[in-house]
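Input: a single structure, listed below in structure tokens.
What you see is a predicted model; the values in this text were computed from it and never measured. All values below were derived from every heavy atom in this structure, side-chain atoms included, with hydrogens, water molecules and symmetry-related copies excluded.
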Amino acid sequence: MEEVKVVVAHHECATLRVGDVFLKIDAHQTRTDVEVEAMALAPVPTPEILWRKPPVLALAALPGAALGRLGEPSTASSAAWVAAGAAVRMLHDAPLPPWPGRGLDEITAHLDGECEWIIANDVLPADLVTRNRQVAEAALRPWTPVFTHGDLQVSHVFADGDEITGVIDWTEAAQGDALRDLATLTLGHQEHLGDVVAGYGKDVDLDVIRAWWSLRSLLGIRWLIDHGFDPSAPGGEVDVLRSQL
């Protein structure tokens with residue numbers, strides 16, 4: 001009998017692994033709709049869809065392993081990180097998906113609301129929040145939309161040796177800021193930013209990437225707490241915010 005492993009679970013969705021099959025169960029099927037269409041459009045390797053019976057989506061496991069985990073040193077080679085940068089560039093050069101992403105005004109309002117909540121609830125010191133809000137300002141500028149993954153965490157990119165074998169979890173794919181993807185991929189793994197940029201093969205504003213590290217971390221604090229995760233875990237979002245001081 002195959003063992004059932006809970007990969008991630010909270011009150012909105014869960015992912016289970018049974019042998020070489022991942023079962024994604026999502027209460028919001030619009031997210032699954034986005035994931036299925038985004039994987040069909042993306043020019044990079046993605047998991048094979050085995051079947052879909054709402055609210056369940058069955059995906060085949062990818063070869064290899066994730067580039068890393070937030071809060072843990074990456075065991076992937078520098079060449080694998082370079083290859084990840086090249087894969088992201090391929091995605092960003094692809095035709096735009098037909099649905100828009102969040103605009104600048106919406107992101108700014110969301111950020112300000114989260115900062116207010118963090119301070120009002122004494123989750124983090126006000127000076128830490130204020131300083132990172134100042135750093136995040138550099139990311140709040142107009143951008144030319146590209147096809148973005150939207151949640152390109154290091155654990156969502158798989159490699160086998162030096163080759164990228166696939167990218168998972170496309171529920172937040174949309175038109176968006178290219179540097180957000182690059183920042184999300186290197187969040188907590190700043191030592192590999194040079195590898196990713198080298199593979200990306202295009203000049204990027206490193207200050208904007210650092211700004212997105214602050215912005216994404218500030219936006220993630222309340223969500224993590226509300227969904228039973230600890231943003232203060234070693235190497236996590238709070239540590240990222242502190243590293244920006």
Between atom CZ of R222 and atom CG of L224, what is the distance when rounded to the nearest 0.5 Å? 12.0 Å
For R52 and D33, run salt bridge (Lys or Arg N to Asp or Glu O under 4.0 Å): C-alpha distance rounded to whole Å, both residues' side-chain angles, the deciding distance at 0.1 Å, then the answer. CA-CA 10 Å; R52 181 183 182 187; D33 293 340; 2.7 Å; yes
Residue E191 excluded, over 12 heavy atoms near CD under 6.0 Å: yes
Measure across G150 and R180 and return the closest heavy-atom pair with its distance rounded to 0.1 Å. O-NE, 4.4 Å
Side-chain (Q175) to main-chain (P97) donor-acceptor, under 3.5 angstrom: yes
Does the W213 side chain pair with the main chain of A183, one donor and one acceptor, at a distance under 3.5 Å? yes
Has the side chain of H28 got a donor or acceptor atom that lies under 3.5 Å from a matching backbone atom of T30? no
Return the orientation label for the H149 and H156 ring planes: parallel under 30°, perpendicular over 60°, tilted otherwise. tilted
Heavy-atom distance under 4.5 Å between the side chains of D26 and L57, does that happen here? no
Please report the C-alpha distance between W81 and V154 in whole Å, then the side-chain angles of each, then the deciding distance to 0.1 Å, and finally whether the side chain to side chain contact (heavy atoms under 4.5 Å, CB included) criterion is met. CA-CA 10 Å; W81 281 89; V154 64; 3.5 Å; yes
Does a salt bridge link E35 with R31, judged by any charged N lying under 4.0 Å from a carboxylate O? no
Do L62 and L16 share a hydrophobic cluster, counting only Ile, Leu, Val, Met, Phe, Trp and Tyr and linking them when any side-chain heavy atoms are less than 4.5 Å apart? no
Between P73 and H189, which heavy-atom pair has the shortest distance, and what is it? C-CE1, 4.3 Å
Sole candidate of L50, T15, I168 that passes side-chain contact (heavy atoms from CB on, under 4.5 Å) when paired with F22: T15
So if you build clusters from Ile, Leu, Val, Met, Phe, Trp, Tyr with side-chain heavy-atom gaps below 4.5 Å, do L96 and W143 land together? no
Between the side chains of R89 and D181, is the shortest nitrogen-to-carboxylate-oxygen separation below 4.0 Å, so that they form an ion pair? no
Could you walk me through whether V208 and R141 pass side chain to side chain contact (heavy atoms under 4.5 Å, CB included), step by step? CA-CA 9 Å; V208 173; R141 84 282 177 234; 3.7 Å; yes
Does a salt bridge link D151 with R216, judged by any charged N lying under 4.0 Å from a carboxylate O? yes
So, does D177 use its side chain to make a donor-acceptor pair with the main chain of L179 at under 3.5 Å? yes
Between CG of N132 and CD of E237, what distance do you get to the nearest 0.5 Å? 12.0 Å
Rounded at 0.5 Å granularity, tell me how far CG in L187 sits from CG in L182. 12.5 Å
Would R133 and D112 count as a side chain to side chain contact (heavy atoms under 4.5 Å, CB included) here? Give the steps. CA-CA 8 Å; R133 175 60 182 85; D112 288 339; 2.8 Å; yes
What pair of heavy atoms forms the shortest contact from D230 to S232, and how long is it? OD1-N, 2.8 Å
What is the distance from atom OG of S214 to atom CD1 of I209, rounded to the nearest 0.5 Å? 13.0 Å
Is the shortest side-chain heavy-atom distance between I25 and P55 below 4.5 Å? yes
What pair of heavy atoms forms the shortest contact from R131 to L245, and how long is it? CG-CD2, 3.3 Å
If hydrophobic clusters are built by linking Ile, Leu, Val, Met, Phe, Trp and Tyr wherever their side-chain heavy atoms come under 4.5 Å apart, do V196 and V44 end up in the same one? yes
Does G220 offer a backbone N or O that forms a donor-acceptor pair with the side chain of E114 under 3.5 Å? no
Would you kindly confirm whether V82 and L91 end up in one hydrophobic cluster when ILVMFWY residues are joined by side chain heavy atoms under 4.5 Å apart? no
Please name the pair of heavy atoms, one in H11 and one in D226, separated by the smallest distance, quoted to 0.1 Å. CE1-O, 3.9 Å
Any side-chain heavy atom of V8 sitting closer than 4.5 Å to one from F229? yes
Compare every heavy atom of L185 with every heavy atom of A84, then report the nearest pair and how far apart it is. CB-CD2, 4.2 Å
Is there a donor-acceptor pair under 3.5 Å between the side chain of T148 and the backbone N or O of A174? yes
Heavy-atom side-chain contact between V34 and T171 under 4.5 Å: no
Side-chain touch T186/Q190, heavy atoms, less than 4.5 angstrom: no
Linking I/L/V/M/F/W/Y whenever their side-chain heavy atoms sit closer than 4.5 Å, directly or via other members, would M90 and L67 fall into one cluster? yes
With a 3.5 Å cut-off and no angle check, do the side chains of D162 and S77 form a donor-acceptor pair? yes
Check: A173 main-chain N/O paired with W99 side-chain donor or acceptor under 3.5 Å: yes
From OG (S155) to CG (D169), nearest 0.5 Å: 7.5 Å
Evaluation steps, side chain to side chain contact (heavy atoms under 4.5 Å, CB included), between D239 and S243: CA-CA 6 Å; D239 279 353; S243 73; over 6 Å; no
Does any non-hydrogen side-chain atom of T165 lie less than 4.5 Å from one of P45? no
Quick check for you: to the nearest 0.5 Å, what is the distance between S217 atom OG and L128 atom CG? 10.0 Å
Kindly assign one of parallel, tilted or perpendicular to the pair W223 and H227, based on the angle between their ring planes and the thresholds 30° and 60°. parallel
Under a 4.5 Å cut-off applied to non-hydrogen side-chain atoms, are V88 and V157 in contact? no
